[in-house]
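First up is the structure itself, then whatever we jot down about it.
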Amino acid sequence: MCAVHHSDTNTVPNDGATAPPADLMPVVPGYESLGPNDFGAAQPQAPSRAPERRFDIPAIAEELAQEAFIKYASSKCCYSSKPAKEMVFTDLQSLNTYRYRLETFTESRTTEWDSEPYNGQVVDAFGVAPAPWSIPVPIPSLFQDCKKSVRVPHTSTVKGCHSCLNLGRSACSRCVNSGRTRCGSCSGMGRTSSDQRCIMCQGSGMIRCHSCGGVGSITCKTCKGQGKLLCFIKLKITWKNNMNVAVIDKGSGFPVELLDQITGEKLLTDMAAVVYPVVSFPDSSVNAASESAVREHQAQFATTCRILQQRQTIELIPITRVHYAWNEKTHIYFVYGTEHKVYTKDYPAKCCCCSIL
């Protein structure tokens, strides 16, 4: 779970204050240019070794394939169950389908000026500000997106509020600093439709502004009426789980997007600070997908982020292509996943209600 603990004195409060323009702020050594902070590249470790055995699985039995097909047909209100019950199997083919997934859990850091209303709190202005990547920040749960902001030590300074020019109050936008607005009852005419004097504005057409209470100004939202801001450099940390998923399909004609929510059998799980591409998996397409994904994530994140952990997995998703004959024609359907779901492009018999619009 990602949580920001407000008891930490370095945690940046979320009070809506904004910092003055950057050109009005002092230059802090090591923070001459704010923004994203790059991180050095990490090197791959020793190669991971996949199991040396084959992972072929037999096609499901005809009884199970027919049972799944009947259940599928029964779930469709307009499908006749006759093809599923009367079909004759001609072939059952097991299609090994692998899903490779690479997760790269990264940490990125960026800096910017921020502020909070100044009401006499301690100003941490003395000492050398630590570099962005040397500031210790606890790492949240691995492979879960999270964000946090902390105050960079020794970067605080007190500045006059830029929003209200140190006054603590801003002009009321509703009455434009006049304290009075047009009367809504008489639309500013001073008289009603019956040509009587408006009792709301006493005939003046103007009433006291409700937004500012007739004062003409409101408490400055930036400095909360203090007239001063405590400005500091804010370090924003973003943890992100970046994913690369490849489904190795053998051109079976099965729509692989249906596998997104399907459970597979875990064949390999490899986790390290930096993983090396899988090189010994029996299917060369999986090895190629692993090499491509690892190289892509290294190129994308190695210098811009800190790679905290990587995890690669290989799953086997069982898919059986069933060829059958019914009513002197041949057809195909698929039974897929450990859940034995069914997909078919064209069911051969539908009830007459399908044609009723």
Side-chain angles (χ1 to χ4, degrees), residues 4-28 31-36 110-125 129 147-238:
V4 176
H5 302 287
H6 292 282
S7 58
D8 184 353
T9 57
N10 286 329
T11 299
V12 176
N14 184 18
D15 56 14
T18 57
D23 55 0
L24 300 180
M25 305 307 297
V27 176
V28 177
Y31 292 84
E32 290 83 1
S33 58
L34 304 184
T110 186
T111 51
E112 63 183 32
W113 280 104
D114 200 359
S115 68
E116 64 183 33
Y118 178 67
N119 52 18
Q121 60 266 50
V122 175
V123 181
D124 181 16
K147 291 183 178 181
K148 187 176 182 180
S149 295
V150 298
R151 188 175 308 180
V152 178
H154 315 313
T155 61
S156 298
T157 183
V158 177
K159 290 284 185 179
C161 180
H162 57 289
S163 295
C164 63
L165 303 179
N166 312 351
L167 298 175
R169 299 190 68 83
S170 302
C172 178
S173 59
R174 182 176 179 85
C175 66
V176 197
N177 216 25
S178 67
R180 296 175 67 79
T181 57
R182 187 174 66 172
C183 177
S185 295
C186 64
S187 300
M189 300 299 295
R191 306 187 74 83
T192 63
S193 57
S194 58
D195 204 29
Q196 299 292 319
R197 187 174 70 167
C198 177
I199 60 175
M200 293 296 296
C201 63
Q202 299 299 313
S204 68
M206 303 292 288
I207 59 174
R208 186 174 66 175
C209 177
H210 295 298
S211 296
C212 63
V215 179
S217 63
I218 59 175
T219 300
C220 177
K221 295 181 179 179
T222 301
C223 68
K224 301 295 190 292
Q226 298 298 323
K228 294 181 179 181
L229 295 172
L230 177 63
C231 303
F232 50 88
I233 294 178
K234 177 174 67 176
L235 175 66
K236 298 169 64 177
I237 307 102
T238 300

Next item on the list: Go through Asp114 and Phe232 one step at a time and tell me if the side chain to side chain contact (heavy atoms under 4.5 Å, CB included) criterion holds.
Entry: CA-CA 6 Å; Asp114 200 359; Phe232 50 88; 3.8 Å; yes
Notebook entry, point to check: If every non-hydrogen atom of Cys186 is compared with every non-hydrogen atom of Gly205, which pair is closest and at what distance?
Noted result: SG-CA, 4.3 Å
Next item on the list: Locate the shortest heavy-atom distance separating Lys234 from Val152; write the atom from each residue and the value.
Entry: C-CG2, 4.5 Å
Next item on the list: Any chance you could measure Leu167, atom CG, to Thr219, atom OG1, to the nearest 0.5 Å?
Entry: 12.0 Å
Note to self: Going by the rule side chain to side chain contact (heavy atoms under 4.5 Å, CB included), which residues pair with Pro36 if we only count those two or more places apart in sequence or in a different chain?
What the structure shows: Thr110
Next item on the list: Search all heavy atoms of Gly213 against all heavy atoms of Arg208 and return the closest pair with its distance.
Entry: O-CD, 3.4 Å
Item checked: Residue pair Thr192 / Ser185, side-chain heavy-atom distance below 4.5 Å -> no
Notebook entry, point to check: Taking the side chain from Ser178 and the backbone from Arg180, do they hold a donor-acceptor pair closer than 3.5 Å?
Noted result: yes
Next item on the list: Apply side chain to side chain contact (heavy atoms under 4.5 Å, CB included) to Leu34 and list each qualifying residue two or more places apart in sequence or on a separate chain.
Entry: Tyr31, Thr111, Trp113, Ile233
Notebook entry, point to check: Is the closest side-chain heavy-atom distance between Ile207 and Thr181 below 4.5 Å?
Noted result: yes
Margin query: Can you give me the closest heavy-atom contact between Met25 and Cys231, atom names plus distance?
Written below: CE-CB, 3.3 Å
Note to self: Give me the atom names and distance for the closest heavy-atom approach of Cys212 to Ile218.
What the structure shows: CB-CG2, 3.9 Å
Notebook entry, point to check: Considering residues, nucleotides and ligands other than Arg191, do more than 12 of their heavy atoms fall under 6.0 Å from its CZ?
Noted result: yes
Checklist line | Pairwise distance CD1(Ile237) to NZ(Lys147) - rounded to 0.5 angstrom | finding: 12.0 Å
Check: Between atom SG of Cys220 and atom CG of Leu229, what is the distance when rounded to the nearest 0.5 Å?
Finding: 7.5 Å
Notebook entry, point to check: Can you tell me how far the SG atom of Cys183 sits from the CE atom of Met206, to the nearest 0.5 Å?
Noted result: 9.5 Å
Next item on the list: Name all pairs fulfilling the side-chain hydrogen bond (donor to acceptor under 3.5 Å, both in side chains) condition that reach into residues 158-176, sequence neighbours left out, sorted by first residue then second.
Entry: Ser163-Thr222, Arg169-Ser217
Check: Got a second to check how far Lys221's NZ is from Cys161's SG, nearest 0.5 Å?
Finding: 13.0 Å
Next item on the list: Rounded to the nearest 0.5 Å, what's the gap from CG on Leu230 to OG on Ser115? Could you check?
Entry: 8.0 Å
